[in-house]
Amino acid sequence: MQLSFHNSLTRTREPFRPIDPAHVRMYVCGPTVYDLAHLGNARPVVVFDVLARLLRRVFPHVTYARNITDVDDKINARARESGKTIAEVTAQTAADFHADMAALNNLPPDIEPRATDHIPQMIVLCKKLIASGHAYAAEGHVLFAVASFADYGRLSGRNQDELLAGARIDVAPYKRAPGDFVLWKPSDATLPGWESPWGRGRPGWHIECSAMAWEHLGETFDIHGGGADLLFPHHENEVAQSRCAHGTAGMASIWMHNGMLTVDGEKMSKSLGNFFILRDVLARGPWVGEAFRLLLLRTHYRSALDYTETALAEARAELDDFYAMLARPAPEGEALPGMVDWVLEPLGDDLNTPLALARLRDLRTLENVANVGGSAAAVHARTPAPWSPAPGVARAAVLEAAAVLGLLWHDPAAWRQGGGDTAAIEAAIASRLAARAAKDWAEADRIRAALTTQGIVLEDGAGTTSWRRA
RNA sequence: GGUCCGGUGGCCGAUUGGUUAGGCACGGGACUGCAAAUCCCCCAAGGGCGGUUCGAUUCCGCCCCGGACCUCCA
């Protein structure tokens, strides 16, 4: 399968050519663990989880690294205000993050480096940058000299004049230029710190990713991902640090940035205070995790995505349709050649998940036609061949393709019927089947109406009745 | 103000210089004891003004509108 992706660096779609096809390497910026994940935090995790699954399908060996930032002033502030230690805050938040991302069926990355485990590497980078004239020490700080790097601004599409003009913070007196950014900063006794050639201190935000990517993926690697809001300054600064420290022409071959998630048309933001905690949304039911994942994948990853109640309900309804198909008894089948690749092909075209989902629906229709009856003519107008599979065949293709999207992992019966005691429901259905056999339609309808008030929907089949929760 | 990305039918949302996206909702039909599930049909679009072209939703220019970034942010 040919892959191509939109590269933020060149602002064009490029064929994906790994530096080493035998080992594809991807780095994605992970969370700063100071608070529970909000809805927007989930988007890059899901997007790059799908990308990792796709890469693993195409290439023999993939290393996907996603860091955890466990040293940051927001963490310090959270510890101070909550009365917990920094270690408690980071450990608990990281555990919460893992649980929430697992609820969205994200696979763990291959490597999950932590910033505090890479302090020595950060210090080495600072030393290298100072030695090569790209950084300087001043008043316990180490700062990157933006003017020393001609390509600074290339990734985010800015020139240095604009950046200086746009600098809106007060310029610290120890900076040579307003755009210079901190690699290392001093810590007083109340703050976490590590001994360094510049005194006891802690890393700046950007240096950690340069250090961890270097340690685990090398000086250059294939894909660097993250949210579009990280393009500047975070990724711009990462490139500057890594390229200047290693003397390379680039850091990652392809930079990929997911669009922002908005709520009712406004960006989710800590400072705006309009953010939804993912865990609160997940608490609404066992269906939410998958419905939210589908909601995310129904929009192309680079587009802005507006989260609404309606969109979540629609995603759930769509999953209901898939699980209705999967819950229907069908013989074990094997996908016809080409079926799965037909669905996944759009993923190779800059991760076009909406088109892949449209094709997944077509395979669902083929299974429904095979199993229930009807015409597949409309679907055949789109498929590469007039597939008319036996029952169970398209079903197998749906499951295989959905697995690359990280969808349809629930047990169909559990999805439709939920947990809890079902004996009373089964008993009522048995009574109704007896009434129907006796053509006592009034009694049959009375039982169904009673179940309807409990939120139970009956589906009569040939000689049997199945049920689901509405 | 600067930079960038968008504006597609009632809603969501892809592809494409000419040929059906798809989903949801609405309406009609098949099937069903009645339903549900399922299938079929129908519906309706491309912000505005110019330009290129035989032909533009698709390419170019301008304008309008929306969003993101401009050193907390996925």
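Order of the sequence lines fixes the chain letters, A, B, ..., with proteins taken first and strands second; residue numbering starts at 1 for each chain. Every value quoted in this text rests on a predicted model; they were computed, and no experiment measured them.
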Original post:
Would you say the base of B/C34 and the side-chain of A/D460 have a donor-acceptor pair closer than 3.5 Å?
Top reply: yes
**OP:** Would you kindly check whether a donor in the side chain of A/R448 faces an acceptor in the base of B/A35, or vice versa, at under 3.5 angstrom?
**Re:** yes
[X] near the nucleic acid: base, sugar-phosphate alone, or nothing, with a heavy-atom cut-off under 4.0 Å?
X      : result
A/T365 : sugar-phosphate
A/L357 : nothing
A/S303 : sugar-phosphate
A/D362 : nothing
A/A42  : nothing
A/G226 : sugar-phosphate

What I want to find out is whether [X] reaches [Y] closely enough, with some N-O distance under 4.0 Å, to be called a salt bridge.
X      : Y      : answer
A/R468 : A/D320 : no
A/R13  : A/D349 : yes
A/E318 : A/R298 : yes

Give me the distances for all protein-to-nucleotides 42-47 of chain B N/O pairs that come in under 3.5 Å?
none

**OP:** May I ask you to check if A/R66 and A/F48 form a cation-pi contact, with NZ or CZ under 6.0 angstrom from the six-membered ring centre and within 45° of the axis?
**Re:** no
**OP:** Can you tell me which stems RNA chain B forms, taking runs of 3 or more consecutive Watson-Crick or G-U pairs with both distances under 3.5 Å?
**Re:** B:1-7 with B:64-70, B:10-12 with B:22-24, B:27-30 with B:38-41, B:47-51 with B:59-63
Subject >> 5' priority, RNA chain B, between A/D306 and A/A358 [closest heavy atom] >> reply: A/D306
**OP:** Between A/K74 and A/L458, name the one whose nearest nucleotide on RNA chain B is closer to the 5' end.
**Re:** A/L458
Subject >> Minimal non-hydrogen separation, A/P203 against A/K185, with atom names >> reply: O-CE, 4.0 Å
Original post:
Of the non-hydrogen atoms in A/M339 and A/L363, which two are nearest, and what is the gap between them?
Top reply: O-CD1, 4.1 Å
With a cut-off of 3.5 Å and sequence neighbours excluded, list every side-chain donor-acceptor pair involving residues 449-456 of chain A.
from	atom 1	to	atom 2	distance (Å)
A/T452	OG1	A/R448	O	2.8
A/T453	OG1	A/A450	O	2.5

**OP:** Report the C-alpha distance between A/S187 and A/R202 in whole Å, list the side-chain angles of each, state the deciding distance to 0.1 Å, and finish with yes or no for side chain to side chain donor-acceptor pair (under 3.5 Å).
**Re:** CA-CA 6 Å; A/S187 294; A/R202 62 197 193 279; 3.2 Å; yes
Original post:
Do the rings of A/H410 and A/Y323 sit parallel, tilted or perpendicular, given the 30° and 60° boundaries?
Top reply: perpendicular
Subject >> side-chain N/O A/R468 vs B/A37 OP1/OP2, d < 4.0 Å >> reply: yes
Subject >> Phosphate OP1/OP2 of B/A36 contacted by A/W467 side-chain N/O (<4.0 Å) >> reply: no
